[in-house]
Amino acid sequence: MDKKQEWSGILGFLIAAIGSAVGLGNYWRMPYLASQYGYIPFFIAFIVCVMFVGLPIMFVELTAGRIFKKSFIETYKKLKFPWPGYISFILMVILCSYYMVIAGWIFMYVVTYPFIVYNFSDLITHNIAPVGYIFVLLLSAIPIYFGVQKGIESFSKIIMALLVILTILILAIALSENPIPPITLELPTNLEIWIMALSQSFFSLSVGFGILFTYSTYIKQKTSIMKDSIVIGFFDVLIGLAASFLVFVLLGGVVSTEGPTLVFDVLSGVFKIAAIGWLFYLCLLIAAITSVISLLEFIVSNLQNYGFNRKKALFLTVVSFLFLSLPSALSYSSLNLSFMNIPVLDILDRYVIGATSWVGIFFIAFLLQHIKEEDFVKHLDAGRLGKPLYIWCKYILLIFGVVMAVVSTKFLIGW
Ligand code: PFF
């Protein structure tokens, strides 16, 4: 029988949860979306979405983890409606399969940068790039092997501290070398900005599919879910803003239409001191690894329902991902693995994860239908706000789910 997994305290939980939330979404997706849609309007829309949708989903997800105290799949099975558990599991396997490939490119870039200076896009198509995910997979599996407290928590504490210090350092150097471009106050008036900001808020906070649920089942002490969620959200937003501000300063405030390649490509040549560029990629790598750890831990915890102990479940996960990530890894290689001319990795990101992220709202809202109001209010520990928040989470959140569902379907079949 496996030892029960637990965080040593609330701080350990918070740091690991911030590690899951802070990832490529903050250092890569957020800056490119902000540079495309305009920095200020995008930030305004993003912060509003985090406050009114992302955080309420987190309240429910963390509370549900504390109350049900089982793996995500087991919880839905117990509620006699197993599908959300299985669908979330499959979506998280898909997300992890390509997320690790991108992290693998960054890994290869970081380790080869001191020897060969090249553009990030040259690396992606280089023959060595596809193997990067194997290193990320193995590196991320080590803390999981040592368990939640001795592995994930201890590793996250060190590496997240390093991440914060490096981010501040890089920002300070960038500000000392480049003038701050003029900032114009514009409002987010375009519907598309709101939709992108809404989906970015789920992605960035890691909410909707049971990752934070799983982390909260390992909390042993009494805690205020409201305060914990605000701390996680605050750091996630802060790091996203810092990375975007960095890109804003480095690109001289120019709004770019370069899309996803922006951060990877432009930034590889923009730092006056090459070593600072390297540090930026190191930050990306650290952020990505702690997010991969949370995805793998979610998978391992769910596999344990099927008679595997923790170590065997981890072994099975690692071996499976060696194969599962291969299609994404080969999609930018000389093999050009693609479907209807779109690289497999892009299909998974855009059409599977991008277009289905709304499902998570319904999955989490479903859990709330099985939580008593007084239990929710007690765990949330939000004083007088408890009751209104319960109503918000139980009914209003569903409206956002429906909006996202309609928009995503329109997007899938073409506007
Ligand atoms: N929040 C992570 C990021 O911003 O990169 C990505 C992520 C991790 C999303 C885990 C969802 C998840 F379950």
Side-chain angles (χ1 to χ4, degrees), residues 15-34 46 49-50 53-55 57-58 61-62 65 71-73 84-85 87-106 136 140 144 152 156 159-160 163 167 196-217 229 232-244 260 263-264 283-302 321 348-350 352-361 363-364:
I15 293 177
I18 294 169
S20 168
V22 173
L24 295 175
N26 304 63
Y27 284 91
W28 159 66
R29 207 163 183 261
M30 176 85 184
Y32 93 66
L33 288 173
F46 176 70
C49 291
V50 165
V53 190
L55 278 183
I57 300 180
M58 198 188 288
E61 195 169 332
L62 293 180
S71 76
F72 208 51
I73 291 187
I87 296 173
S88 299
F89 185 80
I90 294 170
L91 288 176
M92 291 304 98
V93 167
I94 295 175
L95 171 62
C96 190
S97 75
Y98 74 82
Y99 196 93
M100 230 158 27
V101 169
I102 304 176
W105 293 339
I106 300 165
V136 170
S140 314
I144 300 180
I152 303 179
S156 303
I159 208 154
M160 290 306 288
L163 183 74
T167 306
M196 295 311 287
L198 191 59
S199 71
Q200 172 65 7
S201 70
F202 296 173
F203 186 83
S204 187
L205 292 171
S206 303
V207 290
F209 294 102
I211 304 290
L212 293 184
F213 172 101
T214 307
Y215 272 11
S216 93
T217 61
S229 305
I232 300 168
F234 175 78
F235 275 97
D236 187 52
V237 170
L238 195 69
I239 296 199
L241 293 190
S244 308
V263 175
F264 291 148
C283 282
L284 264 149
L285 181 64
I286 294 175
I289 286 187
T290 46
S291 298
V292 169
I293 290 174
S294 70
L295 287 161
L296 293 177
E297 173 63 31
F298 170 81
I299 294 165
V300 167
S301 89
N302 281 293
F321 274 105
L348 298 180
D349 182 41
R350 243 189 288 164
V352 184
I353 299 301
T356 56
S357 53
W358 55 273
V359 192
I361 299 190
F363 290 176
I364 300 299

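Position 1 is the first residue of the sequence; numbering continues from there. Here the structure is a predicted model, which means the values were calculated and not measured. All ligand and atom numbering here is 1-based and tracks the order in the structure.
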**Message:** Could you walk me through whether Trp358 and Leu198 satisfy the side-chain contact (heavy atoms from CB on, under 4.5 Å) test, starting with their C-alpha distance in whole Å, then the side-chain angles of each, then the deciding distance to 0.1 Å, before giving a yes or no?
**Reply:** CA-CA 9 Å; Trp358 55 273; Leu198 191 59; over 6 Å; no
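Every atom of ligand 1 with a heavy atom of Ser204 under 4.0 Å away is listed here by number and element: 1 (N), 4 (O). Distances below 4.0 Å separate heavy atoms of Asn26 from the following atoms of ligand 1: 4 (O). Applying the 4.0 Å criterion to heavy atoms of Leu295 picks out, from ligand 1, the atoms 10 (C), 12 (C), 13 (F). Heavy-atom proximity to Leu95, at under 4.0 Å, picks out these atoms of ligand 1: 9 (C), 11 (C), 12 (C). Close contacts of ligand 1 with Met92, meaning ligand atoms under 4.0 Å from a residue heavy atom, involve 13 (F).
Below 3.5 Å of separation, one finds an N or O of Ala21 facing an N or O of ligand 1. Remark: ligand 1 and Ser206 share an N or O pair separated by less than 3.5 Å (distance only, no angle test). Backbone and side-chain nitrogen or oxygen atoms of Leu24 are examined, and one is located within less than 3.5 angstrom of a nitrogen or oxygen of ligand 1. The shortest N/O to N/O separation between Tyr99 and ligand 1 falls below 3.5 Å.
Heavy atoms of Phe209 come nearer than 4.0 angstrom to ligand 1 in no pair at all.
Note that OH of Tyr27 is 8.0 Å distant from CD1 of Ile286, once rounded to the nearest 0.5 Å. Rounding to the nearest 0.5 Å places CG of Leu238 at 9.5 Å from OG1 of Thr167. We find the OG-CZ distance between Ser244 and Arg29 to be 12.5 Å, quoted to the nearest 0.5 Å. Note that the OG atom of Ser20 and the CG atom of Leu295 stand 6.5 Å from one another [nearest 0.5 Å].
Looking only at heavy atoms of the protein, atom 13 (F) of ligand 1 is closest to Ile211 CG1, 2.7 Å. Regarding atom 9 (C) of ligand 1, its nearest protein heavy-atom neighbour is Phe203 O, 3.4 Å.
Open room surrounds CZ on Phe235; 12 or fewer heavy atoms of other groups in view lie less than 6.0 Å from it.
When all heavy atoms are compared, the tightest approach of Asp236 to Ala21 is OD1-O, 3.3 Å.
Of the listed residues (Phe72, Phe363, Phe298), just one forms a ring-ring contact (aromatic ring centres under 6.0 Å, His included) with Phe213, and that residue is Phe72.
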